[in-house]
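Note that ligands are numbered from 1 as they come in the structure, with each ligand's atoms numbered from 1 the same way. Just so you know, these numbers come straight off a predicted model, no measurement behind them.
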Amino acid sequence: MNAQPTASHFVNGAYVEDDAGDVIECIYPATGEVIATLHEATPAIIEQAISSTKAAQVTWRAMTGTERGRILRRAADIMRERNHDLSVLETKDTGKPLQETLVADATSGADALEYFGGLAGAITGEHIPLGGDFVYTVREPLGLCVGIGAWNYPTQIACWKGAPALACGNAMVFKPSETTPLSALKVAEILHEAGLPAGLYNVIQGRGAVGAALIADARVDKVSLTGSVPTGRKVYAAAADGMKHVTMELGGKSPLIIFDDANLEDAVSGAILGNFYSSGQVCSNGTRVFVQSGIKEAFLSRLTERLTDVKMGDPFDETVNFGPLVSEAQMNIVLGYLDKGASEGARLVIGGKRADRDGFFIEPTVFADVTDDMTIAREEIFGPVMSVLNFETEEEVMARANATEFGLAAGVFTQDLARAHRVVTGFEAGTCYINTYNLAPVEAPFGGSKMSGVGRENSKEAINHYSQVKSVYVGMGPVEAPF
Ligand code: NDP
C-alpha cells in the first residue's frame with residue numbers, strides 16, 4: 001500500500017485525477033508545510049462519481065446483508081492491520097498528535113465498519129397481525145447517500161457515515177473537508193480492497209461548492225453532514241428542495257456541570273478531556289464548565305497543576321499530547337476569541353496566546369469568572385479554550401446550562417446519583433454524560449438536539465437514518481367494496 005493517496009479522487013474503484021479542477025493544498029499544521037497538492041472535483045468528476053454509484057447500487061442492494069457485512073468486516077480488519085500507517089496520514093492531515101491518532105481515528109473507523117458489518121444481516125422488518133390479514137414491513141435502502149465531512153476527525157467521519165450507509169445497501173459519495181482531504185481516500189481504497197464492488201463508495205474533493213453541487217443533484221437521496229450550524233442550515237435547506245433525507249451533526253456549546261460533591265480528580269479529568277483533546281477541536285466539547293462555589297478554588301488549582309503535564313510539540317513524537325490547530329485560519333479564529341475573552345472581562349487563569357513555535361499552536365487556555373453573556377460563553381470556539389462559570393444551586397445552573405441554541409452534549413459530575421439522573425433528565429441535549437465526558441463508542445447513539453442537529457449516528461439508530469420502511473398489506477379474504 002502506498003502510504004499516501006495517489007490522486008485527488010477515488011471514483012468507481014480507482015484513483016482518478018482531473019488537473020482542470022482548482023488546486024487544494026494540504027498543509028501540515030505543525031509546520032505550515034504543503035504535504036500534498038490536490039484538485040477540486042470538476043463537473044466531469046462529479047458526474048462520474050454520481051453515475052457510477054447508481055449502477056453499482058442495484059447489485060449491492062440485492063446482496064444479502066450478511067454478504068455486505070462480510071466486506072465491511074474485512075475492511076475493518078485491514079484498517080486495524082494498517083493502523084500505524086493510517087494514523088501517520090491522519091496526523092499529517094490534521095496535525096493531531098500520533099499519540100491520539102493511534103487510538104482514536106482508524107480504530108474508531110474500524111469499529112464502525114465492524115459494528116455495522118455485524119448488523120447488516122439483522123436489518124429486518126416486522127410482521128403485524130390483523131386477524132386474518134397482516135402487514136409486513138421491509139427496511140429498504142435509500143439509494144445514493146452523500147456524506148460531507150468536517151476536518152477534525154476525517155477518517156472517523158468517513159467511516160461513521162459510510163459503514164451504516166453501505167450496511168443498509170446504499171451507495172455513498174463522500175466529500176471530505178478541503179482542509180483534510182487525504183484520509184477518506186484511504187478509507188475508499190481499503191473498502192475496495194476488502195471486496196466492495198466498484199462505485200459504491202466514491203470520494204471526491206472540493207470546497208463547499210462541490211458539496212452543494214452534490215446535494216442539488218436529483219439522483220441523490222440523502223445527505224449526511226458533519227459541520228457547523230451555518231453550513232447545516234444551508235445544506236438542510238438545499239436538501240429540502242428535493243425532499244431528501246438528512247442527518248445533521250453540527251456544532252455545540254455544551255455545558256459540563258461540576259457539583260461540590262464531585263470527585264475532584266475525575267471532574268478535572270472530564271473537563272480536560274472535554275476541552276483540550278484534539279486541541280479542543282471536538283464538536284461535543286463541554287466548553288461551558290459550571291463549577292459550584294464550594295469546589296471552585298480547588299477545581300481551578302488542581303486543573304492548573306494538571307495542565308503543567310501538557311506536552312506540546314512535534315505530533316510525531318509519541319510523548320507529545322497536545323498538537324496544533326488544523327489550519328492558520330482556525331488558529332486566527334481562536335485567537336480572536338482569546339482577545340474577546342480578555343476584553344469582555346473574563347479572568348485568564350492559564351494560557352491565552354499563540355505558542356512561540358512554528359505551526360498553528362495555541363496554548364491550552366482557561367478563563368475563570370466567565371459570565372453567560374460573554375462571547376466566549378455563547379459561541380462555539382473549536383479550539384483549546386475552557387470557560388469556567390460559577391454557580392450556587394441546581395435550579396439556577398440547569399436554567400443557565402440550557403439557555404443556548406445548541407443541544408449537542410452535556411455532562412454532570414456529582415456523587416449524588418439521584419441528582420445526576422435528575423440533571424440529565426433536565427438537559428436539552430442529545431448526548432449526555434454522568435461522571436465522565438466525551439466518550440463516543442459506536443454502540444451508542446450520537447447526535448444533537450436543537451440547532452446541533454437532526455438524526456443520530458452510530459448504534460442501531462443509524463440504521464433508521466440510512467433506510468426507509470415499506471409497508472405491505474396482505475389481504476387474506478374476499479375484498480369487500482361498498483358497490
Ligand atoms: P463547516 O461547516 O465549515 O464545513 C463542513 C463541511 O461542509 C466541509 O466539508 C465544507 O467544505 C462543506 N460545506 C461548506 N459549505 C457547504 C455548502 N454550502 N454545501 C455543501 N457543503 C458545504 O465545518 P468545519 O469543517 O469548519 O468543521 C467544524 C464544525 O463541524 C464545527 O462547528 C463542529 O462543531 C462541527 N462538527 C460537528 C460534529 C458532530 O458530530 N456534531 C463533529 C465534528 C465537527 P469545505 O470545508 O471544504 O469548505
- [ ] Using heavy-atom distances, let me know which of Ile381, Ile148, Val146 sits nearest atom 21 (N) of ligand 1.
- [x] Ile148
Open item on the list: I need the nearest protein heavy-atom contact for atom 42 (C) of ligand 1: residue, atom name and distance, please.
Closed with: Cys283 SG, 2.8 Å
Task: Numbering as shown, the atoms of ligand 1 that approach Thr231 to under 4.0 Å (heavy-atom distance) - done: 1 (P), 2 (O), 3 (O), 7 (O), 13 (N), 14 (C), 15 (N), 16 (C), 22 (C)
- [ ] May I ask you to check whether Glu100 and Ser278 show a side-chain donor-acceptor distance below 3.5 Å?
- [x] yes
Open item on the list: Looking at non-hydrogen atoms alone, which of Glu457, Lys253, Gln156, Glu380 comes nearest to atom 32 (O) of ligand 1?
Closed with: Glu380
- [ ] Starting from atom 44 (C) of ligand 1, locate the nearest protein heavy atom and write down its residue, its atom name and how far away it is, to 0.1 Å.
- [x] Asn152 ND2, 3.5 Å
TODO: Just go through Trp151, Phe446, Phe382 and tell me whose heavy atom is the nearest to atom 25 (O) of ligand 1.
DONE: Trp151
Open item on the list: What protein heavy atom lies closest to atom 35 (C) of ligand 1? Include the residue and the distance to one decimal.
Closed with: Gly227 O, 3.0 Å
Open item on the list: Could you work out, for atom 48 (O) of ligand 1, the closest of Gln281, Glu178, Lys234 by heavy-atom distance?
Closed with: Glu178
TODO: Spell out, as yes or no, whether a donor-acceptor pair under 3.5 Å connects the side chain of Gln99 to the backbone of Asn321.
DONE: no
Open item on the list: As an exercise, identify every atom of ligand 1 less than 4.0 angstrom from a heavy atom of Ser228.
Closed with: 1 (P), 2 (O), 23 (O), 29 (C), 30 (O), 32 (O)
- [ ] Determine the minimum heavy-atom distance between Asn275 and Gly286, stating which atoms define it.
- [x] ND2-O, 3.0 Å
TODO: Return a yes/no value for Gly149: is any of its N or O atoms, backbone included, closer than 3.5 angstrom to an N or O of ligand 1?
DONE: yes
TODO: Under the salt bridge (Lys or Arg N to Asp or Glu O under 4.0 Å) rule, what do Asp105 and Lys96 come out as? Steps first, then yes or no, please.
DONE: CA-CA 10 Å; Asp105 293 279; Lys96 293 189 289 184; 2.8 Å; yes
TODO: Record the part of Leu250 in heavy-atom contact with ligand 1 below 4.0 Å; permitted values are side chain, backbone, both and neither.
DONE: backbone
Open item on the list: Is it true that, when you exclude Asp241 itself, more than 12 heavy atoms of the residues, nucleotides or ligands shown sit nearer than 6.0 Å to its CG?
Closed with: no
- [ ] Please identify which atoms of ligand 1 are closer than 4.0 Å to at least one heavy atom of Gly251.
- [x] 32 (O), 34 (O)
Open item on the list: Only heavy atoms of Ala150, strictly under 4.0 Å: list the atoms of ligand 1 that pass.
Closed with: 25 (O), 27 (O), 30 (O), 44 (C)
Open item on the list: Give me the nearest non-hydrogen protein atom to atom 10 (C) of ligand 1 as residue plus atom name, then the distance to 0.1 Å.
Closed with: Lys175 NZ, 3.9 Å
TODO: Could you see which bit of Leu214 sits under 4.0 Å from ligand 1, with heavy atoms only: side chain, backbone, both or neither?
DONE: neither
Task: Gly208 neighbourhood, listing ligand 1 atoms whose heavy-atom distance to it stays under 4.0 Å - done: 11 (O), 13 (N), 14 (C), 15 (N), 16 (C), 17 (C), 19 (N), 20 (C), 21 (N), 22 (C), 48 (O)
TODO: Output the list of atoms in ligand 1 that are nearer than 4.0 Å to some heavy atom of Leu225, sorted by atom number.
DONE: 6 (C), 7 (O)
- [ ] With sequence neighbours excluded, tell me which residues meet side-chain hydrogen bond (donor to acceptor under 3.5 Å, both in side chains) with Gln48.
- [x] none
Open item on the list: Let's go through Trp60 and Tyr201 carefully: what are the C-alpha distance in whole Å and the side-chain angles of both, what is the deciding distance for ring pair (Phe, Tyr, Trp, His ring centres under 6.0 Å) to 0.1 Å, and is it a yes or a no?
Closed with: CA-CA 11 Å; Trp60 182 243; Tyr201 188 88; over 10 Å; no
Task: Under 4.0 Å to a heavy atom of Gly206 - the qualifying atoms of ligand 1, by number - done: 47 (O)
- [ ] Measure up the Phe391 and Phe290 rings against each other and bin them: parallel (under 30°), tilted (30 to 60°), perpendicular (over 60°).
- [x] perpendicular
Open item on the list: Does Tyr15 have more than 12 heavy atoms from other residues, nucleotides or ligands lying within 6.0 Å of its OH?
Closed with: yes
Task: Whether Tyr433 side chain and Leu439 backbone form a donor-acceptor pair below 3.5 Å - done: yes
TODO: Indicate yes or no: does an N/O atom of Ile157 lie under 3.5 Å from an N/O atom of ligand 1?
DONE: no
TODO: Number the atoms of ligand 1 from 1 as they appear, then name those within less than 4.0 Å of a heavy atom of Ile215, with their elements.
DONE: 20 (C)
- [ ] Go through Glu114 and Arg80 one step at a time and tell me if the salt bridge (Lys or Arg N to Asp or Glu O under 4.0 Å) criterion holds.
- [x] CA-CA 11 Å; Glu114 185 174 8; Arg80 288 213 178 86; 3.0 Å; yes
TODO: Taking side-chain hydrogen bond (donor to acceptor under 3.5 Å, both in side chains) as the test, write out the residues that go with Glu363, two or more places apart.
DONE: Lys353
Task: Pairwise side-chain contact, Ser224 with His465, heavy-atom cut-off 4.5 Å (strictly under) - done: no
TODO: Would you mind finding which of Ala409, Ser177, Gly211 brings a heavy atom closest to atom 46 (O) of ligand 1?
DONE: Ser177
Task: Thr226 contact mode with ligand 1 (heavy-atom cut-off under 4.0 Å) - done: both
